[in-house]
Asker: 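Can you keep this structure in mind? I'll have questions shortly.
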Amino acid sequence: MANVTKEMTIGEILSIDANGIAPLLLEAGMHCLGCPSAQMETLEEAGALHGNDVDALVDKINAYLASAS
């Protein structure tokens with residue numbers, strides 16, 4: 001099972017399971033997932049830009065990944 005960290009880029013995270021993770025990121029207000037610069041941003045950087053609790057988002061993504069495996 002993959003494990004997401006806040007140091008990973010949005011591109012790396014989406015490469016794990018774009019269909020399942022993209023909706024979680026969109027729900028968190030990260031609507032620029034296809035933007036080239038967003039692909040190179042870390043989850044921590046994107047979360048700070050959008051005012052998210054990044055640790056909670058990491059937990060939510062990892063919980064999804066654990067349930068999907």
Side-chain angles (χ1 to χ4, degrees):
M1 173 185 81
N3 195 34
V4 169
T5 67
K6 61 186 174 185
E7 292 82 17
M8 294 174 73
T9 66
I10 299 296
E12 290 172 322
I13 293 168
L14 289 173
S15 72
I16 296 169
D17 179 355
N19 291 331
I21 296 173
L24 300 175
L25 296 175
L26 292 170
E27 183 180 287
M30 298 180 189
H31 298 279
C32 302
L33 300 180
C35 174
S37 62
Q39 297 296 307
M40 298 305 294
E41 269 184 329
T42 66
L43 185 59
E44 186 170 35
E45 292 166 337
L49 181 66
H50 293 283
N52 295 108
D53 178 344
V54 178
D55 292 321
L57 185 55
V58 166
D59 291 343
K60 189 172 191 174
I61 293 169
N62 284 327
Y64 159 75
L65 291 171
S67 71
S69 61

Asker: Is there side-chain contact between M8 and T42, with heavy atoms separated by less than 4.5 Å?
Answerer: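 They are not in contact (no side-chain heavy atoms under 4.5 Å apart), so the answer is no.
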Asker: Roughly how far apart are I10 CD1 and C32 SG, rounded to 0.5 Å?
Answerer: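 Between atom CD1 of I10 and atom SG of C32 there are 10.5 Å.
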Asker: Could you check if a side-chain atom of I16 sits within less than 4.5 angstrom of a side-chain atom of L14, using non-hydrogen atoms only?
Answerer: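 The answer is no, as the side chains (C-beta and beyond) never meet within the 4.5 Å cut-off.
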Asker: So which heavy atom on P23 is nearest to which on A18, and how close?
Answerer: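 That closest heavy-atom pairing would be CD-O, 4.0 Å.
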Asker: Starting at CG of N52, measure out to CD of E27 and round the result to the nearest 0.5 Å.
Answerer: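 So the gap between those two atoms works out to 10.5 Å.
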Asker: Could you tell me the separation between the CD atom of Q39 and the CD atom of E12, rounded to the nearest 0.5 Å?
Answerer: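 Here the interatomic distance stands at 10.5 Å.
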Asker: Consider only side-chain heavy atoms of I, L, V, M, F, W and Y, link residues closer than 4.5 Å, and tell whether V54 and M40 are in one cluster.
Answerer: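 In one cluster with V54: M40, no.
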Asker: Report the distance from atom CG of L57 to atom CD1 of I13, rounding to the nearest 0.5 Å.
Answerer: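 Here the rounded value is 8.0 Å.
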Asker: So, does N62 use its side chain to make a donor-acceptor pair with the main chain of N3 at under 3.5 Å?
Answerer: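 Checked: no pair found.
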Asker: Is any side-chain heavy atom of L43 closer than 4.5 Å to a side-chain heavy atom of L25?
Answerer: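 L43 reaches L25 side chain to side chain.
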Asker: State plainly whether one hydrophobic cluster holds both M30 and L49, where clusters connect Ile, Leu, Val, Met, Phe, Trp and Tyr through side-chain heavy atoms under 4.5 angstrom apart.
Answerer: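 Different clusters: M30 never reaches L49 through Ile, Leu, Val, Met, Phe, Trp or Tyr contacts under 4.5 Å.
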Asker: State the CG-CG distance between L26 and L24, to the nearest 0.5 angstrom.
Answerer: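 Taking CG in L26 and CG in L24, the distance rounds to 9.0 Å.
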